[in-house]
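Working notes for the structure below.
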There are 2 protein chains.
Amino acid sequence: MPRPRTPLLSRDLIRDTALALIDEHGLAGLSMRRLADALGVQAASLYSHYPTKDDVLDAVANLVIDEVDTSGFAGGDWRRGLRAWAHSYRGVLAAHPNVTPLIASGAGRRERFLAMADAVHGGLVGAGWAPREATTIAGAVKYLVIGAASTPFASGFADDVQVYLDRYPNLTQAHRLRADAARIDLDSFELGLEALIRGLAAAPS
Amino acid sequence: MPRPRTPLLSRDLIRDTALALIDEHGLAGLSMRRLADALGVQAASLYSHYPTKDDVLDAVANLVIDEVDTSGFAGGDWRRGLRAWAHSYRGVLAAHPNVTPLIASGAGRRERFLAMADAVHGGLVGAGWAPREATTIAGAVKYLVIGAASTPFASGFADDVQVYLDRYPNLTQAHRLRADAARIDLDSFELGLEALIRGLAAAPS
DNA sequence: ACCTGAACACCGTTCAAGT
DNA sequence: ACCTGAACACCGTTCAAGT
């Protein structure tokens with residue numbers, strides 16, 4: 001079936017299918033052959049639309065980042081804006097946990113990352129922060145979001161607690177809290193975020 | 001050269017060589033064949049010592065985590081302990097940037113991660129924090145460290161600034177600061193860490 | 001017990017060929 | 001311009017065979 005009059009593929013379709021496969025089968029579960037399979041096409045066909053697999057992954061990363069809401073800065077309240085951005089960002093990564101390593105490694109030429117950074121930076125500067133301070137603040141919040149999304153509490157512990165329960169006496173309580181992992185993750189994130197905002201109480205000059 | 005009287009390989013030698021290769025050529029640059037090559041051996045030989053490549057990577061992660069210093073809690077001053085741990089942890093990841101994704105994804109059965117978590121937890125509880133609070137505090141600091149190590153400021157920006165300089169007006173200043181990236185990274189990290197510690201000023205009850 | 005050589009089922013990517 | 005089929009140089013892993 002070569003050269004159908006209506007193309008079988010498009011950049012958007014490939015990118016969206018890649019995200020769906022990653023969400024379902026993990027980052028390691030995505031290969032160009034599997035992706036082509038899901039699209040009913042040969043692997044080589046993908047290279048008519050993306051030069052490399054990394055470019056597909058960049059497109060996926062940009063798609064996910066575009067879900068992040070930065071509109072909270074609109075009112076001019078930078079605290080509200082920062083909280084809304086951080087929660088939105090964290091929520092998006094929680095919705096796509098398998099994509100998180102892609103976001104965390106975040107190298108390369110990723111347009112939508114810049115758009116997000118620009119919106120946050122603009123929101124802080126618009127509220128009176130100096131550019132350098134805005135950069136630092138946005139960085140610290142980003143660290144919290146990426147860290148929280150990358151290493152949730154639960155991931156630190158094996159499934160059978162009994163193995164090491166007696167070896168690390170200080171962790172006994174922590175293990176008992178394992179079922180509560182989601183709450184602990186949120187608490188740690190909120191603690192960091194609120195402490196940061198509180199620590200900026202001096203506000204922009 | 002089968003079955004030499006003194007074994008060519010050992011678990012430690014394989015693990016140390018793997019770390020050296022990752023440090024030099026990146027995580028993607030490590031294959032079982034390359035690793036075997038560096039050891040003057042066939043790839044299949046590695047499987048006499050590690051069941052899978054993932055087990056080799058777990059050993060590498062444990063080795064790196066063991067470099068983190070948690071002795072700062074010894075004096076009973078939790079602020080000092082927390083700062084020392086955070087800086088040591090961040091420094092270790094900065095010394096092995098290519099290993100960072102391995103640490104960040106941090107799943108699986110990693111003994112030394114638990115040893116580190118246990119030491120930190122013990123240090124906080126020993127200073128009077130309730131176990132649940134200790135878990136939350138350690139989590140927030142970990143988020144900052146992992147986030148800072150995963151997405152340094154510089155990584156967000158392409159090498160040729162001019163490409164998007166006019167497209168994102170708010171980032172103009174940030175771009176000018178690109179050469180200063182290392183300092184911005186440190187500032188963001190310090191801001192988050194100190195704000196967190198300040199935010200805990202209430203101290204343990 | 002430890003290492004080899006060959007094999008298996010995969011990869012990302014290229015390229016001539018077809019329409 | 002877009003897709004195929006075959007190929008290339010790789011992967012992780014297995015396994016019979018050798019000492």
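Values in this document were obtained by computation on a predicted structure and should not be read as measured data. We name chains A, B, ... by the order of the sequence lines, and we start the count at 1 in each one.
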Open item on the list: Please encode protein proximity along nucleotides 5-10 of chain D as a string of B, S and -, counting only heavy-atom distances under 4.0 Å.
Closed with: B-B---

- [ ] Give the C-alpha distance, both sets of side-chain angles, the deciding distance and a yes or no for side-chain hydrogen bond (donor to acceptor under 3.5 Å, both in side chains) between A:Tyr143 and B:Asp185.
- [x] CA-CA 10 Å; A:Tyr143 292 167; B:Asp185 285 333; 3.0 Å; yes

Task: Residue pair A:Asp12, A:Arg15: steps toward the salt bridge (Lys or Arg N to Asp or Glu O under 4.0 Å) verdict - done: CA-CA 5 Å; A:Asp12 285 359; A:Arg15 182 246 283 146; 3.0 Å; yes

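B:Met32 has its CE atom 6 Å from the P atom of D:dT13, to the nearest Å. Note: NZ (A:Lys53) to P (C:dT14) measures 15 Å, nearest angstrom. Atom OH of A:Tyr47 is separated from atom P of D:dT4 by 14 Å (rounded to the nearest Å). Straight-line distance from the CG atom of B:Leu8 to the P atom of C:dA1: 17 Å, rounded to whole Å. Taking atom CD1 of A:Ile14 as the reference point, atom C1' of D:dC3 lies 11 Å away to the nearest angstrom. Atom CG in B:Asp54 sits about 14 Å away from atom C1' in D:dC11, given to the nearest Å. Distance B:Leu46 CG to D:dC15 P: 17 Å, rounded to the nearest Å. Rounded to whole angstrom, the span from the OH atom of B:Tyr50 across to the P atom of C:dC2 amounts to 13 Å.
The minimum heavy-atom distance linking A:Val60 with A:Val99 is given by the pair CG1-CG1, 4.4 Å.
Summarising the geometry, atom CG belonging to A:Asn62 is positioned 11.5 Å from atom CG belonging to A:Leu57; distances are rounded to the nearest 0.5 Å.
Taking a pair to require two hydrogen-bonding distances under 3.5 Å in either a Watson-Crick or a G-U wobble arrangement, C:dA6 pairs with D:dT14.
Each of A:Lys53, A:Arg110, A:Arg11 was checked for a salt bridge (Lys or Arg N to Asp or Glu O under 4.0 Å) with A:Asp58, and the lone residue meeting it is A:Arg110.
A salt bridge links A:Asp187 to A:Arg183: at least one charged side-chain nitrogen sits closer than 4.0 Å to a carboxylate oxygen.
Under 4.0 angstrom from either OP1 or OP2 of D:dA1 there lies no side-chain N or O belonging to A:His49.
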